[in-house]
Novice: 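What follows is a single structure, and I will ask about it in a moment.
Only this structure's heavy atoms are used, side chains among them; waters, hydrogens and symmetry mates stay out.
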Amino acid sequence: MDTPLSTIAVVGLGTMGTGIAEVLALAGREVIGIDVSEAAALGSVASLEASTARAVGRGRITEEERSAALARFRTADTLQAAADAELVIEVVPESYEIKQQVFRELDAIVSPTTVLATGTNALSVTRLAAESQRPERVLGLHFFNPAPAMKLVEVVSSVLTAPPAVETVTKLARELGKEPVAVGDRPGFVADGLLFGYLNQAAAMYEANYASREDIDAAMKLGCGLPMGPLALLDLIGIDTARTVLEAMYAESHDRLHAPAPVLGQLSSAGLTGRKAGRGFYTYDAPGGQDVVPDALTPAAGAEPGAGRAVASVGVAGSGTMASGIAEVFAKAGYGVVLAARTQEKADLAKGRIAKSLERSVSKGRLSAEARDETLARITAAGSLDAFAEVDLAVEAVAEDLEIKQQLFAALDKVCRPGAVLATTTSSLPVVAVARATARPEDVIGMHFFNPAPAMKLVEVVRTVLTADDVHATVHAVCAKIRKHPVDCGDRAGFIVNALLFPYLNNAIKMVEQHYASLDDIDAAMKLGGGYPMGPFELLDVVGLDVSLAIEKVLHREFRDPGLAPAPLLEHLVAAGCLGRKTGRGFREYARR
């Protein structure tokens with residue numbers, strides 16, 4: 001099927017259809033935009049004129065290129081206009097009935113060699129192809145919004161699709177400057193298949209009142225480097241659209257993680273579908289607006305949890321990377337810091353690690369030599385917890401083992417003065433179980449820093465049912481002084497970030513187990529289509545497969561959901577000693593240093 005694809009019809013001139021038309025026209029294709037709505041067609045032309053004018057203003061294209069692209073785009077209100085097209089891309093509403101009607105009509109209009117592509121991200125390409133007279137030329141071509149900016153295009157084959165049709169549109173995608181990823185026919189494909197499960201869990205977390213919408217979104221942006229929080233992203237996508245995708249995914253997988261959270265149905269039924277309606281999880285300045293405006297759920301500006309306890313000195317227990325990073329953070333903020341390890345030698349080595357970190361900051365111009373020396377002078381290395389006798393806040397950063405942490409807190413209970421706040425940096429263990437190792441559980445709280453602590457802005461503040469109000473307030477005040485962003489959450493496995501991140505990583509592994517897509521394609525799909533700074537397998541190898549497995553086991557044990565059971569492939573790799581970058585082999589192999 002050596003088809004040049006010089007004339008392409010786009011059916012449906014909403015935001016996505018208009019974006020695809022713009023990409024095609026700028027790439028030199030003749031584009032026929034088809035929509036039964038005259039208003040949609042006029043809006044599409046206006047949008048194209050405005051976006052290309054902005055591109056000229058930013059120096060991305062010339063005025064001549066803009067004029068030529070606009071001249072290549074014309075609109076029509078009937079499918080008959082697609083008669084001479086070599087490729088038709090439909091992006092009409094996500095409905096089998098509507099899409100099948102479009103394909104049936106196109107069968108009687110277009111050439112036998114014309115490729116028919118559906119832009120669906122939720123419906124079965126196979127089912128749509130089966131309704132066509134020539135199913136071998138039907139495939140999925142899933143662009144991401146906004147189409148002009150997003151590089152990923154998923155090329156979706158059904159069991160009926162002819163390979164030449166796939167080759168033709170894959171070549172086109174590359175010529176458009178996109179990154180095509182070949183995937184099979186299942187709801188959500190790769191990117192949305194992983195993304196929407198994560199979004200659904202975030203909605204359920206909010207619905208359960210586990211954390212505020214602002215804290216959930218801030219946690220995932222600051223903790224994972226994502227461009228948007230999950231609830232803001234649901235508002236952008238459209239809550240009704242998200243629910244449709246999840247319904248399709250659940251119908252196939254029967255995985256409870258894909259069963260739409262009830263709040264999605266409630267908001268959809270109320271017409272609160274996100275930005276396009278002016279209100280969803282957040283409230284916007286107008287329907288279709290981008291700016292969030294305060295509503296009844298917006299926290300009051302400057303609101304603080306209350307009066308806390310005075311903190312002038314901090315003890316940090318541990319000698320690893322996290323402990324030294326946390327000690328550096330506190331010392332930079334002006335606190336006197338006692339860094340205690342099991343031996344004086346380990347404590348000195350940890351302080352030496354801080355000295356090297358500070359020196360790197362000086363060499364990069366981020367810190368003055370004077371500030372380096374002052375910071376280092378605030379840190380006292382100690383070989384015993386006895387040095388914590390007068391600290392106001394003690395933070396442990398030892399091994400992620402409940403028994404070890406309980407023994408440590410029992411020791412802190414005896415050493416630390418009355419009224420000192422005791423904080424654990426656990427990422428997966430129950431904070432209350434650590435607190436009960438002391439005679440003052442009301443003084444214990446979770447402060448989950450993220451690695452590397454000097455760079456990462458997020459701290460998850462974890463209250464137990466026993467934590468005192470002034471202890472909670474103290475930690476918020478401390479976070480402000482050390483320039484970290486605190487998010488509040490309850491004492492349950494995974495808190496916010498890990499509870500949303502690791503099921504997503506686990507589902508990515510299951511995709512590979514099922515031979516649905518390759519490691520490289522999945523990583524590329526999530527970086528290009530989801531805006532993730534790292535693909536799931538890159539991230540798993542960096543975190544460590546043993547660490548990841550431990551967290552997934554904790555989540556599965558706490559929530560008892562079969563969908564959270566660790567993927568067997570992950571367990572096999574850990575059993576084989578393939579733990580990621582630290583061992584030279586995980587999902588990928590790495591050069592030994």
Side-chain angles (χ1 to χ4, degrees), residues 308-342 346-347 350-351 353-354 375 378-382 384-401 404-417 419-429 431 434-435 437-438 440-454 456-464 467-468 471-487 491 495:
R309 304 177 186 179
V311 175
S313 59
V314 178
V316 179
S319 58
T321 303
M322 181 60 84
S324 57
I326 292 171
E328 178 181 334
V329 167
F330 280 108
K332 278 181 177 176
Y335 288 101
V337 178
V338 178
L339 178 58
R342 284 178 292 179
K346 284 182 177 292
K351 185 174 179 179
R353 189 182 300 117
I354 296 171
T375 299
R378 294 188 192 104
I379 302 172
T380 301
S384 166
L385 290 177
D386 291 341
F388 283 10
E390 297 302 321
V391 300
D392 303 310
L393 167 64
V395 182
E396 71 78 14
V398 299
E400 191 72 348
D401 180 287
I404 291 173
K405 290 185 187 291
Q406 287 174 326
Q407 290 173 355
L408 177 64
F409 270 76
L412 290 175
D413 189 28
K414 296 175 182 176
V415 169
C416 293
R417 64 170 184 79
V421 174
L422 311 180
T424 171
T425 61
T426 182
S427 63
S428 58
L429 300 174
V431 176
V434 175
T438 74
R440 41 173 157 173
E442 68 279 2
D443 290 342
V444 179
I445 194 167
M447 284 185 76
H448 180 212
F449 288 80
F450 287 74
N451 210 13
M456 298 295 280
K457 294 294 184 184
L458 181 68
V459 174
E460 290 178 319
V461 179
V462 188
R463 290 190 70 160
T464 76
T467 304
V471 168
H472 177 236
T474 300
V475 169
H476 267 261
V478 166
C479 285
K481 188 171 180 181
I482 63 176
R483 297 183 179 180
K484 300 297 182 185
H485 185 103
V487 297
D491 185 20
F495 310 136

Novice: Fit a plane to each ring of H448 and F450, take the angle between them on a 0 to 90° scale, and name the class: parallel (under 30°), tilted (30 to 60°) or perpendicular (over 60°).
Specialist: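 If you compare the ring of H448 with that of F450, the planes turn out tilted.
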Novice: Tell me whether the count of non-hydrogen atoms from other residues, nucleotides or ligands lying under 6.0 Å of CD in E390 goes above 12.
Specialist: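 Not more than 12 within 6.0 Å, no.
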Novice: First locate atom OG of S427, then atom CZ of F495, and finally report the distance between them rounded to the nearest 0.5 Å.
Specialist: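 Rounded to the nearest 0.5 Å, the OG-CZ separation comes to 7.0 Å.
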Novice: Tell me the closest heavy-atom pair linking T425 and E396, and the distance in Å.
Specialist: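 Closest approach of T425 to E396, heavy atoms only: OG1-O, 2.8 Å.
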Novice: Could you go through T426 and E400, starting from their C-alpha distance and side-chain angles, then the distance that decides it, and tell me whether this counts as side-chain hydrogen bond (donor to acceptor under 3.5 Å, both in side chains)?
Specialist: CA-CA 6 Å; T426 182; E400 191 72 348; 2.7 Å; yes
Novice: Which heavy atom of L339 sits nearest a heavy atom of A327, and at what distance?
Specialist: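 Taking every non-hydrogen atom into account, CD1-CB, 4.2 Å.
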Novice: Nearest 0.5 Å please: distance from the OG1 atom of T438 over to the CD atom of Q406.
Specialist: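 It is 10.5 Å, given to the nearest 0.5 Å.
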Novice: So do the side chains of V444 and T467 get within less than 4.5 Å of each other, counting heavy atoms only?
Specialist: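 Heavy-atom side-chain distance check fails, nothing below 4.5 Å.
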Novice: When rounded to the nearest 0.5 angstrom, what distance separates NE2 in H485 from NZ in K457?
Specialist: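 It is 12.0 Å, given to the nearest 0.5 Å.
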Novice: Taking all non-hydrogen atoms of both residues, which atom of A437 and which atom of F409 are closest, and how far apart?
Specialist: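 Closest heavy-atom pair between A437 and F409: CB-CB, 4.5 Å.
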Novice: Which heavy atom in A420 sits nearest to a heavy atom in V391, and how many Å separate them?
Specialist: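 Where A420 meets V391 most closely, the heavy atoms are CB-O, 3.6 Å.
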Novice: Run the salt bridge (Lys or Arg N to Asp or Glu O under 4.0 Å) test against R353 and tell me which residues pass, sequence neighbours left out.
Specialist: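 For R353 there are no salt bridge (Lys or Arg N to Asp or Glu O under 4.0 Å) partners, ignoring immediate neighbours.
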Novice: Please list, chain by chain and in numerical order, all residues satisfying ring pair (Phe, Tyr, Trp, His ring centres under 6.0 Å) with F449, sequence neighbours excluded.
Specialist: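 Partners of F449 under the ring pair (Phe, Tyr, Trp, His ring centres under 6.0 Å) test: none.
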Novice: Checking salt bridge (charged side-chain N to carboxylate O under 4.0 Å, His left out) for the pair R440/D413: CA distance, chi angles, key distance, verdict?
Specialist: CA-CA 7 Å; R440 41 173 157 173; D413 189 28; 2.8 Å; yes
Novice: Rounded to the nearest 0.5 Å, what's the gap from CE on M322 to CG on N451? Could you check?
Specialist: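 Nearest 0.5 Å value for the CE-CG distance: 4.5 Å.
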Novice: At their closest point, which heavy atom of A317 faces which heavy atom of A323, and how far apart are they?
Specialist: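 The answer is O-CB, 4.3 Å.
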Novice: Answer yes when D443 and R309 have at least one side-chain N-carboxylate O distance shorter than 4.0 Å, and no when they do not.
Specialist: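 The answer is yes: the pair qualifies as a salt bridge.
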Novice: With sequence neighbours excluded, what pairs up with D392 under the salt bridge (Lys or Arg N to Asp or Glu O under 4.0 Å) test?
Specialist: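 Applying salt bridge (Lys or Arg N to Asp or Glu O under 4.0 Å) to D392 gives R417.
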Novice: Quick one: does K484's side chain have a donor or acceptor within less than 3.5 Å of a partner on A453's backbone?
Specialist: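 Judged by distance alone, yes, a pair lies under 3.5 Å.
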Novice: Hey, what do you get for OG1 (T424) to NZ (K405), rounding to the nearest 0.5 Å?
Specialist: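 Answer for the OG1-NZ pair, T424 versus K405, is 4.5 Å.
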Novice: If you round to the nearest 0.5 Å, how far is CG of L412 from CG of L385?
Specialist: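 So the gap between those two atoms works out to 5.5 Å.
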Novice: Looking only at heavy atoms, which two atoms of I445 and V431 are closest? And how far apart?
Specialist: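 Looking at all heavy atoms of both residues, the closest pair is C-CG1, 4.0 Å.
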